[in-house]
Novice: 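Take this structure first; my questions come after.
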Protein chains: 2
Amino acid sequence: MRIGEAAAAVGMTVKALRFYEERGLLPAVRRTRSGYREYSAETVNRLEFIQRSKNAGFSLAQTQEILRIRDTGNSPCSHVRDELGVQLAHLDQQIAELTALRTAVAEHYQAIATVEPADCDPGRICSYL
Amino acid sequence: MRIGEAAAAVGMTVKALRFYEERGLLPAVRRTRSGYREYSAETVNRLEFIQRSKNAGFSLAQTQEILRIRDTGNSPCSHVRDELGVQLAHLDQQIAELTALRTAVAEHYQAIATVEPADCDPGRICSYL
DNA sequence: TCTTGACCCTCCCCTCCGGGGAAGGTCCAC
DNA sequence: GTGGACCTTCCCCGGAGGGGAGGGTCAAGA
């Protein structure tokens, strides 16, 4: 199948498929005589895995490493488990940071809602930040 | 004061100060005869506002708009209030998305911790994603 | 006076994950 | 044969700067 059909099949864009190939997540894709890419069922399978890996929050670099391990003939499962652990810790930190930021923003919002803007000191640009 | 001193005074990097100037958040900075930037107290004041605006989660574009309003001679406070409201909604959405992702990742992590990696199907790359 | 080290300058490439679009070739149905 | 959909490569764009090359400047000590 051609790139547009493959992209639609896995819910990605044509741009993304070319990008993954360029970045080495896909092996060099077969071409027709006129230069069009031809995607095999196996490559589509690989794209589906990339999609699942993305859904798990992995970066392309992490996904690429998992694929590399599998391509070497090994099972990437223990590596995936480790990465998921790191990912969990990372997510917890991100959520904590965003939550703290949300609290700070909410406080600013409260403050600005209860005070007259006219009292703002120009030298401070905006008194509520 | 020179760029390094100004950067240290407001807790930013030298790179950041040059970047803000290039992007128009700072008016053209005065130069010495040899071309070194010279920061006035007023400019340092402006940098401190930029820092506070960053801490409130505003992007440089949003900060720039606030500065533009103040430079026009108006009070940016009502604009800031609107932006803070948008920011709150945006943060809530981000937190919700990250929390959902965290749940999904935790489920993967549980699943992979309870099943033998040896059972993994190579055709699926990694059975746990 | 000379040197040394810290500081400064501009310029260019890099991040992450593609999106947007230009210029041009190919395929298929009507 | 022609129109439109599809494909190709190539290049620039974002946010917020970081890293480094190559070279100029400043102040203190020998």
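All chains are named by letter (A, B, ...) in the order of the sequence lines, taking the proteins before the strands, and each is independently numbered beginning at 1. What's counted below: heavy atoms across the whole structure, side chains too, no hydrogens, waters or symmetry copies. The shown structure was predicted, so the numbers you read here are calculated from the model rather than taken from an experiment.
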Novice: What is the separation between atom CZ on A:Arg30 and atom P on D:dT8, rounded to the nearest whole Å?
Specialist: 14 Å
Novice: When all nucleic acid strands are considered with a 4.0 Å heavy-atom cut-off, which category describes B:Arg33: base, sugar-phosphate, or nothing?
Specialist: nothing
Novice: Between A:Leu25 and A:Phe19, is a side-chain contact (heavy atoms from CB on, under 4.5 Å) present by the stated rule, with each step listed?
Specialist: CA-CA 9 Å; A:Leu25 279 86; A:Phe19 183 66; over 6 Å; no
Novice: Can you tell me if B:Tyr20 touches the phosphate of D:dA16, counting only side-chain N or O atoms and a distance under 4.0 Å to OP1 or OP2?
Specialist: no
Novice: Send over the distance from B:Tyr39 OH to C:dC9 C1', rounded to a whole Å.
Specialist: 12 Å
Novice: Report yes if a side-chain nitrogen or oxygen of B:Arg31 is closer than 4.0 Å to either non-bridging phosphate oxygen (OP1 or OP2) of C:dT10; otherwise report no.
Specialist: yes
Novice: 5'-most contact on DNA chain C: A:Arg23 or B:Arg18, nearest heavy atom basis?
Specialist: B:Arg18
Novice: Could you check whether A:Glu65 pairs with A:Arg68 (Lys NZ or Arg NE/NH1/NH2 to Asp/Glu carboxylate O, under 4.0 Å)?
Specialist: yes
Novice: Can you name the nearest heavy-atom pair linking A:Val105 to B:Leu91, along with the distance?
Specialist: CG2-CD1, 3.9 Å
Novice: Under 4.0 Å between any heavy atoms, over every strand shown, what does A:Thr32 touch: base, sugar-phosphate, or nothing? Just pick one.
Specialist: nothing
Novice: Can you check whether any acceptor in the base of C:dG25 is under 3.5 Å from a donor in the side chain of A:Tyr36, or vice versa?
Specialist: yes
Novice: Rounding to an integer number of Å, can you tell me how far A:Glu22 CD sits from D:dC11 C1'?
Specialist: 12 Å
Novice: Separation of B:Ile3 atom CD1 from C:dC7 atom P, in whole Å?
Specialist: 13 Å
Novice: Between the side chains of A:Arg18 and A:Glu21, is the shortest nitrogen-to-carboxylate-oxygen separation below 4.0 Å, so that they form an ion pair?
Specialist: no
Novice: Hey, are A:Glu48 and B:Arg124 close enough for a salt bridge, meaning a charged N less than 4.0 Å from a carboxylate O?
Specialist: no
Novice: Below 4.0 angstrom from OP1 or OP2 of D:dG15, is there any side-chain N or O of B:Lys15?
Specialist: no
Novice: For A:Tyr109, does the OH atom have more than 12 heavy-atom neighbours from other residues, nucleotides or ligands under 6.0 Å away?
Specialist: no
Novice: With heavy atoms under 4.0 Å as the rule, sort A:Arg2 into base, sugar-phosphate or nothing.
Specialist: sugar-phosphate
Novice: Considering the terminal five base pairs at each end of the helix from C:dT1-D:dA30 to C:dC30-D:dG1, what angle separates the two local helix axes, rounded to 10°?
Specialist: 30°
Novice: Can you tell me the distance, in whole Å, between the CD atom of A:Glu21 and the P atom of D:dC7?
Specialist: 14 Å
Novice: Can you tell me how far CD1 of B:Ile50 sits from CG of A:Leu129, rounded to the nearest 0.5 angstrom?
Specialist: 12.0 Å
Novice: In whole angstrom, what separates A:Glu38's CD from D:dC7's C1'?
Specialist: 12 Å
Novice: Can a side chain N or O of A:Ser34 be found less than 4.0 Å away from OP1 or OP2 on D:dC7?
Specialist: no
Novice: Atom CD of A:Glu5 to atom C1' of C:dC28: distance rounded to whole Å?
Specialist: 15 Å
Novice: Just the rounded figure in Å: distance from P of C:dC16 to CZ of A:Phe58.
Specialist: 16 Å
